[in-house]
Novice: 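Just passing along the structure, written as structure tokens.
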2 protein chains.
Amino acid sequence: MALKHSKQRDMIKDFLMSRKDHPTADVVYMNVRQIQPNISLGTVYRNLTLLADIGEIQRLRLGDGVDHFDADISEHYHFVCNDCGGVIDLEMENIDSIQEVAQKKFDGHITGHVTHFYGTCNCCMKAVK
Amino acid sequence: MALKHSKQRDMIKDFLMSRKDHPTADVVYMNVRQIQPNISLGTVYRNLTLLADIGEIQRLRLGDGVDHFDADISEHYHFVCNDCGGVIDLEMENIDSIQEVAQKKFDGHITGHVTHFYGTCNCCMKAVK
DNA sequence: ATAAAATCAGTAATCGTTACTGATATCGAT
DNA sequence: ATCGATATCAGTAACGATTACTGATTTTAT
């Protein structure tokens with residue numbers, strides 16, 4: 001069950017690395033199809049899942065019912081704009097201490113957390129004016 | 001478009017209030033059907049959405065692809081067990097300060113955050129022994 | 001009681017995603 | 001370089017959660 005090289009997988013990862021807006025599977029499909037017109041949506045899903053499983057990309061569940069994907073696998077947080085739905089990387093200091101706060105009165109074992117922030121992005125704030 | 005009273009909606013909310021494990025729409029349906037056998041799954045979904053919209057219950061998106069519902073609308077955090085999938089309320093001090101941490105270098109406006117914790121619950125830790 | 005309209009049960013449709021199928025591409029061994 | 005095993009493919013069907021539709025039934029203000 002060794003992993004074999006595939007042109008399609010490369011294209012998917014290359015496309016993802018070229019974007020910093022965390023596209024969905026469908027957006028990946030639309031774009032990769034521009035240069036590889038006969039690629040299948042199933043192939044996109046399969047490879048995104050595979051790449052996420054082997055840790056080369058990150059799957060983001062941001063509560064909008066659709067999975068987003070991010071080629072940046074470093075630990076970082078995301079902001080989701082309530083107006084435009086855009087997803088933006090946040091540069092911020094580490095907040096892992098919230099796990100210790102949560103652990104204090106809890107008898108299970110906390111190993112991680114999922115956090116994202118929401119509000120209005122700079123772009124949408126300007127648009128209102 | 002005034003809200004009218006409905007027996008079905010009451011039963012759904014009553015059931016939800018009787019549980020602290022944050023059931024899914026399907027679980028609500030299964031249980032309410034025990035006492036109201038001809039209730040429709042669509043009715044359950046419609047009323048859960050309506051109750052959430054008017055703020056009487058909370059919709060939880062915990063990343064497992066299914067919506068969970070909680071009659072406790074106070075702000076509180078949840079723990080999701082990686083082993084059994086169970087959802088447990090956490091008693092913990094306020095961590096809203098993470099929003100200020102996130103805001104520091106961000107030019108949009110952060111109004112909220114979504115956080116949940118994961119790991120192994122006490123029950124599953126004992127089961128391993 | 002009556003009538004307008006919110007709600008219902010039942011079912012079909014939608015959407016994101018996954019599974020299946022027979023064909024194709026990759027890659028280590030020859 | 002070619003072979004054979006098998007991972008991957010394109011295409012499509014199936015899936016599960018959720019939403020939308022429809023004509024019948026309840027609710028509630030008059």
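Chain letters run A, B, ... following the sequence lines, proteins first and then strands; every chain starts at 1.
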Novice: Short question: side chain of Q103(A), backbone of G108(A) - any donor-acceptor pair under 3.5 Å?
Specialist: yes
Novice: Among dG10(C), dT12(D), dT18(C), which is the nearest nucleotide to the side chain of S40(B)?
Specialist: dG10(C)
Novice: So what does D26(B) touch, heavy atoms closer than 4.0 Å: a base, only the sugar-phosphate, or nothing?
Specialist: nothing
Novice: Is there a path of hydrophobic side-chain contacts, each under 4.5 Å between heavy atoms of I/L/V/M/F/W/Y residues, joining I110(B) to Y77(A)?
Specialist: yes
Novice: For DNA chain C, whose closest nucleotide is more 5', that of K4(B) or that of D67(A)?
Specialist: K4(B)
Novice: Rounding to an integer number of Å, can you tell me how far L62(A) CG sits from dG16(C) P?
Specialist: 15 Å
Novice: Tell me whether the OP1 or OP2 atom of dC8(C) has a side-chain N or O from S6(B) closer than 4.0 Å.
Specialist: yes
Novice: Quick one: L50(A) CG to dT17(C) C1', roughly how many Å, whole number?
Specialist: 16 Å
Novice: Could you walk me through whether D89(B) and K20(B) pass the salt bridge (Lys or Arg N to Asp or Glu O under 4.0 Å) test, one step at a time?
Specialist: CA-CA 8 Å; D89(B) 285 332; K20(B) 49 179 185 165; over 6 Å; no
Novice: Quick one: is dA9(C) close enough that its OP1 or OP2 comes under 4.0 Å of any side-chain N or O from Q8(B)?
Specialist: yes
Novice: Return the value, rounded to whole Å, for the distance between atom CG of D53(A) and atom C1' of dA7(D).
Specialist: 16 Å
Novice: Mapping N38(B) and H5(A) to their closest nucleotides on DNA chain C, which lands nearer the 5' end?
Specialist: N38(B)
Novice: Below the 4.0 Å mark, does dT18(D) have OP1 or OP2 next to a side-chain nitrogen or oxygen of Y45(B)?
Specialist: yes
Novice: Figure out the CZ/C1' separation between F69(B) and dA17(D), and round it to whole Å.
Specialist: 11 Å
Novice: Assess the pair H116(A) and H113(B): is the distance between their ring centroids shorter than 6.0 Å?
Specialist: no
Novice: On the nucleotide dT18(C), are OP1 or OP2 found under 4.0 Å from the side-chain N or O atoms that R46(A) carries?
Specialist: no
